[in-house]
Amino acid sequence: MKSSLSGQEARRIALAAQGFARPRPGTPTSRHLHDTIGRMGVTQIDSVNVFARSHYMPFFSRLGPYDIGALDTLFFEPDGPYVEYWAHMATFIPTADWALFRFRMDDNRAKYGSNPEGWFLQNAATVDWVRAELAARGPLRPAEIEHDATSGPRGPWWDWNVVKKSLEYLWLFGEVAVIERRGFERRYALAEQVIPADVLARPVSRDDAIRELIRRAATAYGVGTAADFADYYRLRDRPGVAAAIGELVDAGELLPVFVDGWEKNGRALPAWLHRDAVLPRAVRASTILTPFDPVVWFRERAERLFDFHYRIEIYTPEHKRQFGYYSLPVLQDDRLVGRVDLKADRQRSTLLVQSAWWEEPDAPAGAATRLGAVLDEAATWRGLEHVSIGSRGSAVDDLAREMQRATRHDGRA
């Protein structure tokens, strides 16, 4: 592999590592879903459902239309191969990886569970009672614990927020795990009721865990900086990350590389290439991404890799939004060429293209045709019969000319 890369070569390597250089399967199966999770390592969870929940999107982006029910079975059913933990943000991870995050569980306990003036110890009686309820009754939804708490003379401090907060702290500390979801509501259980005993008992030191997580981040990214690799699993221990990279370089797993254009304050950024990274001759992708896809979730990397300045505008007042409430990056080949703000209007069975924008003043050749095909496919995948295109953005008229079956609407519908 090369000791220096152009920006385009780095993009191809990064996209190949995430599975975008592979041909899409005709009909994605559970095995394809497993393989996709394996390449990403983690799948971020987000509750926003304006088009599709974030954890569903990376699989559509890489595989095309697939059966969401098959992914729900993997992620949400009891005794499944995946479990939730704070690995990047709230994410699905392989259950077998639970012990890799024990150092984070210990850090969370030290931060939130050891201060005598903090919420956790101030509410120790509540926490003990919630823990005892799970031990006695097995997996429970917060509402089930709340109902029991409020049905007797337990005092005014028993409310859903206190129960939920107790569960969330116990989850962060690794005492409790999420055994399943119904809708988007979690059902909690003691960790030993969810995680296999051999996984719970597996010793993994902090140094070993950080080194393994950096290895996985480098595999998932193909090429990156120390900040890139650290962000993948939100590792804040800079000396630990630096030591892990050094050990992986010494082992021949990471190769120092110069990437043209990767610089900060006029100085080249140190970067590393994973030894198994593949540099395809071309990437032939055409899709949309969730804001929490690993390709773009670290905004600094997205800007460096794709020259793509990206922020979601959920918390921005509507009149101040530039691109839309929940704009999705548009990937074509090895470039991010635009963004679209989508909404699933389920009552009218319509995919609303609230706005659409090209990154450059002129659309790349064929970009509107390719994006139109993706939007038709996305509508079908979400069970929507129609597409309607709004009036905001440099790409909407181009899309309307290509998507002849689409209707138009003014502004936001």
Side-chain angles (χ1 to χ4, degrees), residues 42-47 49 53 55 72-87 89-202 204:
V42 293
T43 305
Q44 186 168 336
I45 306 166
D46 186 69
S47 61
N49 195 27
R53 295 197 193 278
H55 57 276
D72 285 345
T73 298
L74 294 178
F75 280 159
F76 295 143
E77 293 298 320
D79 303 320
Y82 301 97
V83 70
E84 297 181 33
Y85 194 64
W86 203 266
M89 298 291 281
T91 52
F92 293 106
I93 62 170
T95 304
D97 288 349
W98 184 264
L100 273 178
F101 297 95
R102 187 169 295 116
F103 77 97
R104 178 162 295 162
M105 298 168 187
D106 293 342
D107 287 350
N108 286 333
R109 185 180 293 277
K111 182 176 181 179
Y112 300 112
S114 62
N115 181 1
E117 304 302 317
W119 187 94
F120 188 78
L121 292 182
Q122 288 289 309
N123 291 272
T126 310
V127 174
D128 289 344
W129 182 81
V130 169
R131 189 189 289 114
E133 286 288 283
L134 293 175
R137 299 168 60 193
L140 295 168
R141 295 178 294 112
E144 293 174 308
I145 302 177
E146 180 218 15
H147 179 271
D148 188 52
T150 57
S151 63
R154 298 184 180 273
W157 44 274
W158 290 104
D159 59 54
W160 187 89
N161 288 330
V162 174
V163 169
K164 176 68 172 174
K165 201 165 186 177
S166 299
L167 290 166
E168 288 295 298
Y169 275 121
L170 292 171
W171 176 66
L172 287 175
F173 302 165
E175 286 192 56
V176 158
V178 178
I179 192 169
E180 65 176 334
R181 286 182 185 251
R182 285 292 176 259
F184 209 65
E185 185 182 22
R186 286 167 162 175
R187 190 162 167 248
Y188 296 84
L190 295 179
E192 56 264 32
Q193 298 168 336
V194 180
I195 311 299
D198 63 320
V199 175
L200 283 176
R202 186 178 303 154
V204 182

Could you pull out all residues at least two apart from [X] that satisfy side-chain contact (heavy atoms from CB on, under 4.5 Å)?
{"X": "Arg109", "answer": "Phe173, Glu175"}
{"X": "Ser114", "answer": "none"}
{"X": "Gln44", "answer": "His88, Met89, Thr91, Phe292, Trp297"}

Rounded at 0.5 Å granularity, tell me how far [atom1] in [X] sits from [atom2] in [Y].
{"X": "Arg187", "Y": "Leu140", "atom1": "CZ", "atom2": "CG", "value": "7.5 Å"}
{"X": "Ile93", "Y": "Trp86", "atom1": "CD1", "atom2": "CH2", "value": "13.0 Å"}
{"X": "Lys165", "Y": "Leu167", "atom1": "NZ", "atom2": "CG", "value": "13.0 Å"}

Checklist entry - Run the side chain to side chain contact (heavy atoms under 4.5 Å, CB included) check on Met105 and Trp98 step by step: do they pass? => result CA-CA 10 Å; Met105 298 168 187; Trp98 184 264; 3.3 Å; yes
Check salt bridge (Lys or Arg N to Asp or Glu O under 4.0 Å) between [X] and all other residues, then give those that pass, not counting sequence neighbours.
{"X": "Asp72", "value": "none"}
{"X": "Asp97", "value": "Arg216"}
{"X": "Arg102", "value": "none"}

Checklist entry - Heavy-atom distance under 4.5 Å between the side chains of Val42 and Tyr85, does that happen here? => result no
Checklist entry - Under 4.5 Å between any side-chain heavy atoms of Trp119 and Val127, yes or no? => result yes
Results of side chain to side chain donor-acceptor pair (under 3.5 Å) for [X] - residues two or more places apart only:
{"X": "Tyr169", "answer": "none"}
{"X": "Asp128", "answer": "Arg131"}
{"X": "Arg181", "answer": "Glu84"}
{"X": "Asn115", "answer": "none"}

Next on the checklist: Tell me whether Arg202 contacts the main-chain N or O of Ala96 through its side chain, where contact means a donor paired with an acceptor under 3.5 Å.
Outcome noted: yes
Checklist entry - Okay, side chain of Glu180, backbone of Arg186: is any donor-acceptor separation there less than 3.5 Å? => result no
Minimum heavy-atom separation for [X] and [Y], please, with both atom names.
{"X": "Thr95", "Y": "Gly80", "answer": "OG1-O, 3.5 Å"}
{"X": "Glu185", "Y": "Pro142", "answer": "OE2-CD, 4.3 Å"}
{"X": "Ser166", "Y": "Val130", "answer": "CB-CG2, 4.1 Å"}
{"X": "Phe120", "Y": "Gly113", "answer": "CD2-CA, 3.8 Å"}
{"X": "Glu144", "Y": "Pro139", "answer": "OE1-O, 4.5 Å"}

Item to check | Ring-ring centroid check Phe92 Phe75, cutoff 6.0 Å | outcome: yes
Item to check | His55 ring center within less than 6.0 Å of Tyr82 ring center | outcome: no
Item to check | Counterpart residues, ring pair (Phe, Tyr, Trp, His ring centres under 6.0 Å), relative to Tyr188 (two or more places apart) | outcome: none
Next on the checklist: For Arg104 and Asn108: C-alpha separation, side-chain torsions, deciding distance, then whether side chain to side chain contact (heavy atoms under 4.5 Å, CB included) applies.
Outcome noted: CA-CA 6 Å; Arg104 178 162 295 162; Asn108 286 333; 3.8 Å; yes
Identify all side-chain donor-acceptor contacts of residues 190-201 below 3.5 Å with residues at least two apart in sequence or on another chain.
residue, atom, partner, partner atom, Å
Gln193, OE1, Leu190, N, 3.0
Gln193, NE2, Leu134, O, 3.4

